[in-house]
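Heavy atoms only: backbone and side chains are in, while hydrogens, waters and symmetry mates are out. Each chain gets a letter, A, B and so on, in the order the sequences are listed, and its residues count up from 1.
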Amino acid sequence: MKPIYFDNNATTPVAPEVLEEMLPYFSEFYGNPSSMHTFGGQLHRKIEEARAKVAGLIGAEPEEIIFTSCGTESDNTALMSAVESYPQKRHVITTRVEHPAVLNFCKHLSRKGYRITFIPVDNSGRLDMDAFLKAIDDDTAVVSVMYANNETGVIFPITAIGGMLRERNILFHTDAVQVAGKIPINVKDLPVDMFSISGHKLHAPKGIGALYVRKGTRFYPYIIGGHQERGRRAGTENTASIIALGKSCESAKEHLDKEADYLKRLRDRLEGALLKSCPDAQVNGDTENRLPNTTNISFNYVEGEAILLRLDEYGICASSGSACSSGSLEPSHVLRAMGIPYTAIHGSIRFSLSRYNTEGEVDKVIEMMPPIIKELRTLSPYGKEESRKC
Amino acid sequence: MWEYTKKLKDLFLHPKNVGEIENPDAVGEVGSIICGDALRLTLKVDKETGRIIDAKFQTFGCASAIASSSALTEMIKGRTLDEAIEVTNQDIAEYLGGLPKEKMHCSVMGREALEAAIADYKGEIIPPEEKEKLVCQCFEVTEEKIRRVAIENHLTTVEEITDYTKAGGGCGSCIPRIEEILKDIWHIKMPEMPAVKKKLTNLQKIALIQDVIEKEIRPRLQADGGDIELIDIDGNKVTVAMRAMCVGCPMGGVTMSNIQEKLKELVDENIVVETE
Ligand code: FES
């Protein structure tokens, strides 16, 4: 059964044109781009072409792009570089709803003696800007705020935050893995110093990422060794995946406007229909400032993992913020930070779309979801009233 | 993604005995929506025979919680209350063909609901769990529950306690306390270990003996300035050498018999310990 895949914030399929572009670099062109001979050395040019394409997606200069192995490495590199570059500063600001790649790195810094401020969000997932302003001080080495949240799709005011930081000369990093290729971005107009991209979130394969570092930003490498990436990221280049990331950024740029409209239309239809057909359901997060492809809906009084496994029977893939589906015993840190009641967190389901989703697939979810919720509510000791209405 | 057995998936997709018995003779309610799972069990009991004529459940929780609840109702229907109380959380897990270890707490919840229902039938009032007796605030787990589940399931690590009761799986601040409780159970009250021991292969036995000596025996001797070295294992005959303060110690005999007792308890009834 071909899956009906609505979990694109977790990972996306590799685009056919991307796969085609990268394949020869596993077989025919296996050389090392650092070699002196033409066979290997010619790949260097290919990597530079890919770098220009990645830069092109976000309006950067090619030399501002460093290839990494994934979004997490990009995030870790950015933060490590910032604290290494300003060793006298011992304070880092981030948010309570970051991806673990930032959150846990900050916790690691805190164990090393850094002071970390985790900025709270309100119950629509919007950043508490007052708390943010209060947290900034002379000791702040770097601020890291995600561009958009992976669970709710809520977009943060990166321009406003960056503006405030620029006045004070504080480094600003944004984890943009969920936005790159989904909304138009031009770093020329965006006051950020570092910007993380992950390949597999935009139809390139897993195991490739990029970090944008604005020209003139102090930089300290995280992975130390050879001279690759101009000494900023050692290790023999992952040629095939770098070329794939270049290609995927190129096609993302090409389709960006049309695709965003398409995704938004599908998403809104899915969301609207589910809210209508399932009582006691609500959207989590600010719907005004949101990625076009994401919706996070809580079906109160039912447990997310149970919903996911029922959907799985029809080949429908989504994800949940419930405790049982997270692999830990605690439900989503994002929804908890938003103060969403537990009755709703445990029943939260995220649908995240990509250009490969169709109207027909949305229809299928709209058809299957209400009976699943209804049945699980009859199973639940809390679902009595609600189940009769559904 | 969890590895669920076919049996578990079946019971999750087509659960048996869903709902609520009208005018039930016994009700058992455990868990809470905050913790992420809750179970309400209702029973119909034949007054004369004490037999459970019908059992129904309502569960808020994941697939394994729903399947465990359904399994429980299947297992207790037709049994007398005295027979039913014999059903352990391990039995529930076995009925399902096994549970992922991180999901064992679902079977424990089933067992607890059963206990609560039987207590309800007998008119016993289970006092509400007092806040100060809670070891784990995040998941509202009492010391008593940790002890009981640890002993019944022979759990020795905090991780296992978390898998079975969730305690320690949240903020983690209760972990030191759980460690203390475990130490208390397994170091002081060894006899409470379950009597059934698994049959060991020779290699497993050797590994276990080494383990017990390393982890249980040596640290204590070392604390008193002594030490012990494992020389040979031949079937059930374990040869050791005493070192440092232990050599020629007048208490030597006591130590030797202690070591032998320990190995008998933890490894095999028939072990004899000899010195070199
Ligand atoms: S108190 Fe036990 S995990 Fe928080």
Side-chain angles (χ1 to χ4, degrees), chain A residues 3 7 10 107 280 298-314 317-333 335-336 339-349 368 371-387, chain B residues 1-2 4 8-20 27-42 56-67 69-70 100 102-106 113 136 138-139 141 159 161-172:
Chain A
D7 202 10
K107 288 182 185 159
D280 263 301
S298 276
F299 300 91
N300 295 345
Y301 314 110
V302 273
E303 202 279 330
E305 190 209 273
I307 303 174
L308 291 183
L309 272 158
R310 291 281 168 120
L311 286 172
D312 197 52
E313 285 299 299
Y314 306 104
C317 311
S319 67
S320 165
S322 83
C324 287
S325 42
S326 67
S328 77
L329 291 166
E330 295 252 292
S332 153
H333 71 285
L335 301 183
R336 273 186 297 146
I340 306 288
Y342 277 89
T343 43
I345 298 184
H346 287 301
S348 67
I349 300 291
M368 294 329 301
I372 291 177
I373 300 298
K374 185 173 170 190
E375 205 199 323
L376 290 173
R377 278 188 182 150
T378 52
L379 274 173
S380 161
Y382 303 114
K384 257 187 242 163
E385 299 304 314
E386 294 71 23
S387 58
Chain B
M1 179 118 195
W2 305 108
Y4 286 140
L8 189 152
K9 272 199 138 177
D10 263 6
L11 265 188
F12 163 65
L13 293 172
H14 315 286
K16 299 204 176 105
N17 312 317
V18 175
E20 198 177 4
V27 180
E29 271 178 301
V30 289
S32 82
I33 202 157
I34 298 188
C35 298
D37 41 27
L39 164 53
R40 183 179 152 86
L41 176 70
T42 47
K56 281 195 171 11
F57 80 93
Q58 284 179 306
T59 292
F60 167 83
C62 57
S64 56
I66 290 170
S69 311
S70 189
E102 296 86 348
K103 294 284 189 179
M104 283 304 287
H105 58 86
C106 295
C136 178
C138 290
F139 293 106
V141 186
E159 208 175 292
I161 293 291
T162 309
D163 289 342
Y164 280 68
T165 68
K166 295 191 179 183
C171 69

Which atoms of B:Thr162 approach chain A - backbone, side chain, both or neither, heavy atom under 4.5 Å:
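B:Thr162 touches chain A through backbone and side-chain heavy atoms alike.
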Rounded to the nearest 0.5 Å, what separates atom [atom1] in [X] from atom [atom2] in [Y]?
X: B:Asp37; Y: A:His346; atom1: CG; atom2: NE2; result: 8.0 Å
X: A:Leu376; Y: B:Phe60; atom1: CG; atom2: CZ; result: 10.0 Å
X: B:Lys9; Y: A:Leu309; atom1: NZ; atom2: CG; result: 6.0 Å
X: B:Cys62; Y: A:Ile307; atom1: SG; atom2: CD1; result: 12.0 Å

Side-chain touch A:Leu379/B:Thr59, heavy atoms, less than 4.5 angstrom
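Heavy-atom side-chain distance check fails, nothing below 4.5 Å.
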Please report the closest heavy-atom contact between [X] and [Y], naming both atoms and the distance.
X: B:Ala38; Y: A:Tyr382; value: CB-OH, 3.3 Å
X: A:Pro381; Y: B:Arg40; value: CB-CB, 4.2 Å
X: B:Leu13; Y: A:Glu313; value: CD1-CD, 3.3 Å

Test item: A:Glu305 side-chain N/O and B:Gly61 main-chain N/O as donor-acceptor pair under 3.5 Å:
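Answer holds: no.
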